Number of protein chains: 2
Amino acid sequence: MTTKPSNSWTDIRDIIHARILNKTYAAGDRLPRDQDLALTLGCARSTVQRAMQDLSDRGLIERRRKAGTRIPENPVTRATLEIPMIRKEVEQKGVTHGYQLISAKMLETPRSVMALLGLPAPITAMHVQALHLADQQPYLFEDRWINTQTVPEATSIDFTRENANEWLLRHKPYNKCDMRFYAINASISEADLLQTSPGTALFVMERSTWIDQNPITTVKTIAAPGYQLKTGS
Amino acid sequence: MTTKPSNSWTDIRDIIHARILNKTYAAGDRLPRDQDLALTLGCARSTVQRAMQDLSDRGLIERRRKAGTRIPENPVTRATLEIPMIRKEVEQKGVTHGYQLISAKMLETPRSVMALLGLPAPITAMHVQALHLADQQPYLFEDRWINTQTVPEATSIDFTRENANEWLLRHKPYNKCDMRFYAINASISEADLLQTSPGTALFVMERSTWIDQNPITTVKTIAAPGYQLKTGS
DNA sequence: TAGTGGTCTAGACCACCGG
DNA sequence: CGGTGGTCTAGACCACTAT
């Protein structure tokens with residue numbers, strides 16, 4: 001049975017997606033070969049391929065050469081996080097962004113930082129601590145280490161004026177990025193910085209970036225109470 | 001100057017990526033047209049297109065018809081989260097997964113749930129609370145609402161045997177998924193369930209899913225202390 | 001080794017949108 | 001309106017990997 005030709009790959013994708021939703025193709029099933037689907041749906045094989053690529057990216061199907069296309073038995077929820085520059089994030093809420101440098105100095109990396117960046121031995125790196133404000137209120141505390149071997153320019157930047165988050169994002173593109181999220185109870189000093197009470201649950205994001213195996217920076221951001229991270233998809 | 005032809009789109013992507021890293025193309029710059037790049041790099045335009053698609057997906061470039069391809073002034077960090085079935089996640093750590101149903105009953109949805117699912121008026125839905133265990137220890141508490149109008153089968157499932165996370169994931173594919181992450185201080189009852197003390201900072205993940213505008217479920221999972229969410233890229 | 005998805009090409013046309 | 005990216009096609013060949 002040949003379906004009426006709908007030529008765009010999004011149409012093809014939606015047709016197949018619909019078949020997954022209505023269980024024409026259920027968990028564990030194998031789908032027809034691209035070639036056959038192309039014939040059935042009245043389009044070129046590469047159009048089916050484009051549709052499949054999208055579905056595969058979203059984790060709705062699994063494709064393997066020779067084995068064909070299958071609906072996974074144990075689906076994985078996949079979501080894309082988009083984390084903007086902190087200033088942009090604040091401004092998007094319609095409030096003014098503020099920034100205070102707390103400290104910036106060269107220090108030997110502690111073991112925790114060595115582990116995060118995969119350093120075999122301690123190095124002297126730049127430790128930057130700063131506070132981001134939203135509408136004059138503490139918004140996010142940033143504790144960062146910058147590898148000045150990979151990023152020597154960092155030593156000549158005036159971080160009282162320019163914030164490290166923004167400078168690095170704009171001037172130091174990276175290859176690889178690891179992120180971690182978790183919750184902590186505010187310490188006394190953290191509570192003080194974020195103007196809350198010790199013990200308050202705070203949302204932490206850690207991010208480390210590399211350029212071709214070379215560590216650039218690792219940063220731990222601690223958000224003020226009430227912060228939520230959201231996905232758009 | 002014509003570069004030696006490297007025909008695979010990943011090669012092309014890597015060449016352009018390298019040019020971004022070494023600032024041949026810096027923030028704000030406009031790149032040559034695909035056609036010209038194809039000539040210069042000795043490949044077909046569609047190969048350049050494929051490479052650009054990948055770079056665009058990762059947020060490294062911005063493409064607009066007529067305006068061309070540009071390096072964004074304000075880059076966004078993009079990461080993909082992969083959230084497996086809870087049982088798989090536990091088993092991957094090499095420990096045994098356990099599951100206890102706490103309660104499952106039909107109830108009228110509170111306003112918070114209506115807001116999450118975008119319901120204009122309260123409905124009677126299935127409220128399921130359960131605890132996941134890792135190696136006999138509390139791992140994750142799951143507080144879920146299932147829309148039995150969209151998912152009538154849910155009323156006849158024995159959730160003491162089958163866990164809702166797994167059943168829904170396997171049998172109810174969805175169109176749309178929203179997620180939120182934040183930190184809370186454990187209440188007395190939460191502390192009791194997760195065998196920790198009240199006030200402990202806990203990591204919370206909320207997820208709501210739809211199939212074509214129709215709400216399926218919304219779930220709030222509260223992880224035991226020490227939990228970290230990580231990205232793979 | 002053979003079947004299936006992945007890629008490449010050359011060319012055509014379409015869709016968006018900046019000037 | 002015209003320039004640019006987006007898509008579609010038909011066909012060829014490549015690269016995995018199940019059998």
Side-chain angles (χ1 to χ4, degrees), chain A residues 2-17 19-20 24-25 27-73 75-76 78, chain B residues 2-17 19-20 25 27-73 75-76 78 233:
Chain A
T2 322
T3 314
K4 114 179 59 158
S6 352
N7 282 345
S8 95
W9 70 265
T10 50
D11 289 346
I12 303 294
R13 178 200 58 194
D14 292 344
I15 289 172
I16 297 172
H17 194 353
R19 290 186 183 174
I20 296 173
T24 304
Y25 308 136
D29 288 358
R30 176 171 177 178
L31 276 60
R33 312 154 45 205
D34 289 6
Q35 184 57 259
D36 291 343
L37 278 171
L39 284 174
T40 310
L41 300 172
C43 66
R45 179 163 81 95
S46 49
T47 307
V48 174
Q49 160 78 24
R50 183 68 183 82
M52 291 297 197
Q53 180 196 327
D54 190 60
L55 293 169
S56 178
D57 283 348
R58 304 182 189 209
L60 275 81
I61 58 176
E62 273 174 1
R63 314 195 82 201
R64 285 203 327 257
R65 291 155 142 123
K66 169 79 179 182
T69 304
R70 289 186 170 279
I71 309 292
E73 297 269 7
V76 170
R78 219 167 277 199
Chain B
T2 323
T3 313
K4 114 178 57 153
S6 352
N7 281 346
S8 96
W9 70 265
T10 50
D11 288 346
I12 303 294
R13 176 199 59 193
D14 292 344
I15 290 171
I16 296 172
H17 195 351
R19 290 186 183 174
I20 295 173
Y25 308 136
D29 287 0
R30 175 170 177 178
L31 275 62
R33 313 155 41 203
D34 290 5
Q35 184 57 260
D36 292 343
L37 279 170
L39 283 175
T40 311
L41 299 172
C43 67
R45 179 164 80 96
S46 50
T47 306
V48 174
Q49 160 79 23
R50 182 68 182 82
M52 291 296 197
Q53 180 196 325
D54 190 60
L55 293 169
S56 179
D57 282 348
R58 303 180 188 213
L60 275 82
I61 58 176
E62 273 175 359
R63 314 195 79 200
R64 282 199 331 250
R65 291 158 143 123
K66 169 76 181 184
T69 304
R70 290 184 170 281
I71 310 291
E73 298 270 6
V76 170
R78 219 168 276 199
S233 178

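The structure presented is a predicted model; accordingly, all values stated were derived computationally and were not measured. Reckoned from all heavy atoms, side chains included, excluding hydrogens, waters and symmetry mates. First the proteins, then the strands, lettered A, B, ... as listed; each starts at 1.
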> State which residues pass side-chain contact (heavy atoms from CB on, under 4.5 Å) with A:Q49; sequence neighbours excluded, sorted by chain then number.
A:D34, A:R63
> Atom CG of B:D11 to atom P of D:dC14: distance rounded to whole Å?
16 Å
> Please give me every residue in residues 30-37 of chain B whose heavy atoms get under 4.0 Å of an atom in DNA chain D, ordered by residue number.
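The answer is B:R30, B:R33, B:D34.
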> Whole-Å distance between D:dT4 C1' and B:M52 CE?
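That distance rounds to 12 Å.
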> Check whether any side-chain heavy atom of A:L31 sits under 4.5 Å from a side-chain heavy atom of A:R19, and report yes or no.
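In short, these two side chains do not touch, never coming nearer than 4.5 Å.
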> For A:R63 and C:dT7, what is the distance between atoms CZ and C1' respectively, to the nearest whole Å?
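In whole Å, C:dT7 C1' lies 13 Å from A:R63 CZ.
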> Indicate for each nucleotide in nucleotides 8-18 of chain C, in 5' to 3' sequence, whether protein heavy atoms under 4.0 Å reach the base (B), only the sugar-phosphate (S), or nothing (-).
SB--B--BBBB
> Mind checking side chain to side chain donor-acceptor pair (under 3.5 Å) for B:T10 and listing every partner two or more places apart, or none if nothing turns up?
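By the side chain to side chain donor-acceptor pair (under 3.5 Å) rule, B:T10 matches B:S8.
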> Between D:dA18 atom P and A:R70 atom CZ, what is the distance in whole Å?
11 Å
> To the nearest Å, give me how far apart CG (A:D54) and C1' (D:dT7) are.
14 Å
> Whether A:Q49 contacts C:dG6 is assessed here as follows: a side-chain N or O lying under 4.0 Å from the phosphate OP1 or OP2. Is that the case?
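Yes.
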> Identify, with sequence neighbours excluded, every residue that meets side-chain contact (heavy atoms from CB on, under 4.5 Å) alongside B:R58.
B:R13, B:D54, B:L60
> Which residues satisfy the side-chain contact (heavy atoms from CB on, under 4.5 Å) test with A:P32, sequence neighbours excluded?
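Expected list: A:Y25, A:D36, A:L37.
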> Do B:I20 and B:I61 have side chains that approach each other closer than 4.5 Å (heavy atoms only, starting at C-beta)?
yes
> Apply side-chain contact (heavy atoms from CB on, under 4.5 Å) to B:A67 and list each qualifying residue two or more places apart in sequence or on a separate chain.
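With neighbours one apart ignored, the set is B:R64.
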> Quick check: closest heavy atoms across B:P72 and B:A27, and the distance to 0.1 Å?
O-CB, 3.8 Å
